[in-house]
Amino acid sequence: MFPSLLLRWYKKHARTLPWRGHHDAYAVWVSEIMLQQTRVEAVIPYFERWMDRFPSVRALAEASEQDVLNLWEGLGYYSRARNLHKAARVIMDEFGGQLPRSVEALRKLPGIGRYTAAAIASMAFGLDEPTLDGNIRRVYARIFNVDVPADSTAGEKLLWQIAAENLPRGKAGDYNQALMDLGAMVCLPKNPRCESCPLKIHCTAFQLGVQESRPILKPKAEIPHHINAAAILVGRIGNPPIHAVLLNQRPSRGLLGGMWEFPSGQIQIAPAKSLPKILKESYSLNIRVSEELMVVHHAYTHFRVTVHAFRCELLSKSKNEFLKWVKLSELDDYPMGKVDRQIAQKIKHQLESQSSTLGKSRVRK
DNA sequence: AAACCGTGGAC
DNA sequence: TGTCCAAGGTT
């Protein structure tokens, strides 16, 4: 029925994307991981840089995690990068550098779930595997007017079944991508372009005029708002002494795992007063607050945060193994989340303009 | 099952 | 301006 209509539409309207036509399973894999919860436009420059720097499974496996996270900085969901890195080493060790050619084996690799395994299997290996992502879920929920929550257990089961039943044999790769292109360009979440949709005559939700309210999704929990305080400790290291700042490496699990940050903590109120106590408890750092440098607002997926960044003075040395003095000139080599990168940039500019002013005044005399 | 995990663009 | 949400996976 509609699969052949969709494939015909796809031949004419398929997007030209850097990872299409690669027929290199590694490129397909990298692109699928990057595309998880991330828009095509955001992925393209990262994909190009990645394939340039890590052109093969071997190149990725031999890289350091620091290098991997640096290339990923700004894309978000950093466990994807760490899992990609881990999986590359598994593929070298257990599969001789070649991706396994079955969904079962692919799914055992870290970072590859049901969707990604089927996407790689169908697109890179030509296997008859149906898949389901946010686009395909929306397209099917409209065509078949699915009226149970699409993100519930029952809804997911039904939609995966629909995906399997409608899969044209021998064309799964193109078909899966066609569904996603349709979802991204025509069957949009809001204001879908139904009049130019090749499947409108088959779309139950469109016939009933309820396409805007499909898929039905479960209500989302409210997100909390936190207040954080961060300490900017400036020192001098090396000979001749160069400006450096004290950074902390976050634990490998959880938010911004493995990334670097300015020592910080969550507080209730009165950030300047609370900061010394927090740093004492969390990092064994004895500090005195000197001045407030900046305030940063940021929205993560599950909470919002307001960060107060303070210039501070170190009162005694700390032995915390996760803390490190980093030269301003080497700040870019340390992967950070957006908030800390913003703070780092500001500190860098401030100290650079300071030292250049001092330099000029010295020259004058 | 529900919570957790980033960022940026569109409206 | 706040809200939604985008080629999901893990715990």
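Proteins get letters first, then strands, A, B, ... in listed order; numbering begins at 1 in each. Just so it is clear, the model here is predicted, and its values are computed rather than measured.
With hydrogens and angles ignored, the 3.5 Å screen pairs a side-chain donor or acceptor of A:E73 with a backbone N or O of A:M336.
Residues A:M180 and A:K190 each lie close to DNA chain C; by heavy-atom proximity, the contact nearer the 5' end of the strand is made by A:K190. Residue order along DNA chain B, read from the 5' end via each residue's closest nucleotide, puts A:A154 first among A:A154 and A:L75. Residue A:M123 is the one, among A:M123 and A:N83, whose nearest nucleotide of DNA chain C lies closer to the 5' end (criterion: closest heavy atom).
Rounded to whole Å, the distance from CG on A:N191 to C1' on B:dG9 is 15 Å. The distance between atom CG of A:L217 and atom P of C:dT3, rounded to the nearest whole Å, is 17 Å. The CD-C1' distance, from A:E41 to C:dC5, rounds to 13 Å in whole Å. B:dC5 atom C1' lies 10 Å from atom CZ of A:R80, rounded to whole Å. Spacing between atom CD of A:E222 and atom P of B:dC4 amounts to 14 Å, rounded to whole angstrom units. Distance, A:L255 CG to B:dT7 C1': 12 Å, rounded to whole Å. Rounded to whole Å, atom C1' of C:dG8 lies 10 Å from atom CD of A:E156. The distance between atom CG of A:L188 and atom P of C:dC5, rounded to the nearest whole Å, is 13 Å.
A:Y77 has no side-chain polar atom (N or O) that falls below the 4.0 Å cut-off from OP1 or OP2 of C:dT10. Neither OP1 nor OP2 of C:dG8 sits under 4.0 Å from any side-chain N or O of A:Q36. For C:dT3, the OP1/OP2 oxygens have a side-chain nitrogen or oxygen of A:R304 closer than 4.0 Å. Side-chain nitrogen and oxygen atoms of A:R138 include at least one within less than 4.0 Å of the OP1 or OP2 phosphate oxygen of C:dA6. Contact annotation: A:S152 does not reach the phosphate of B:dA1 (side-chain N/O to OP1 or OP2, under 4.0 Å). Dashed line: the shortest gap from a side-chain N or O of A:K220 to OP1 or OP2 of C:dT3 is not under 4.0 Å. The phosphate of B:dG6 has neither OP1 nor OP2 within less than 4.0 Å of any side-chain N or O from A:H298. Between B:dA1 and A:T153, a contact under 4.0 Å exists linking OP1 or OP2 to a side-chain N or O.
For the residue pair A:E32 / A:Y115, a side-chain donor-acceptor distance below 3.5 Å is found, with atom types taken as modelled. Defined by atom type and a distance below 3.5 Å, a donor-acceptor pair is missing between the side-chain atoms of A:S284 and A:N320. Side-chain atoms of A:R80 and A:Q37 include no donor-acceptor pair closer than 3.5 Å.
Considering only the side chain of A:H302, B:dC4 comes nearest among C:dT3, C:dA7, B:dC4. Distances were taken from every side-chain heavy atom of A:T301 (C-beta onward) to each of B:dA2, C:dA7, B:dC5; the shortest belongs to B:dC5. Comparing B:dG8, C:dA7, C:dT3 by their closest approach to the side chain of A:K338 singles out B:dG8. When each of C:dG8, B:dT7, B:dG8 is scored by its nearest atom to the side-chain atoms of A:Y300, the top-ranked nucleotide is B:dT7. Looking at the side chain of A:Y115, the nearest of the listed nucleotides B:dG6, C:dA6, C:dG9 is C:dG9. Of the candidates B:dA2, C:dA7, B:dG6, the closest approach to any side-chain atom of A:R15 belongs to C:dA7.
Among the atoms of the strands shown, only primed sugar atoms or phosphate atoms (P, OP1, OP2) are found under 4.0 Å from some heavy atom of A:T116. Among the atoms of the strands shown, none is found under 4.0 Å from any heavy atom of A:W72. When heavy atoms are screened at a 4.0 angstrom cut-off, A:G74 is found touching the sugar-phosphate backbone but no base atom. Counting any heavy atom pair closer than 4.0 Å across all strands shown, A:G257 reaches no nucleic acid atom.
The base of B:dG6 lies close enough to the side chain of A:T38 for a donor and an acceptor atom to sit less than 3.5 Å apart.
A perpendicular orientation is assigned to the rings of A:W72 and A:W50, their planes being inclined by more than 60° (bins at 30° and 60°).
Rounded to the nearest Å, the gap between the C1' atom of C:dA7 and that of B:dC11 is 22 Å. The same atom, C1', is picked in C:dC5 and in B:dG6; the two are 13 Å apart, to the nearest Å. Using C1' as the reference atom, B:dG8 and C:dT10 are 24 Å apart when rounded to the nearest Å.
Under the ring-ring contact (aromatic ring centres under 6.0 Å, His included) test applied with A:F303, the options A:H225, A:H226, A:H298 reduce to a single match, A:H226.
Between atom CG of residue A:N176 and atom CD of residue A:E129 there is a gap of 9.5 Å, rounded to the nearest 0.5 Å.
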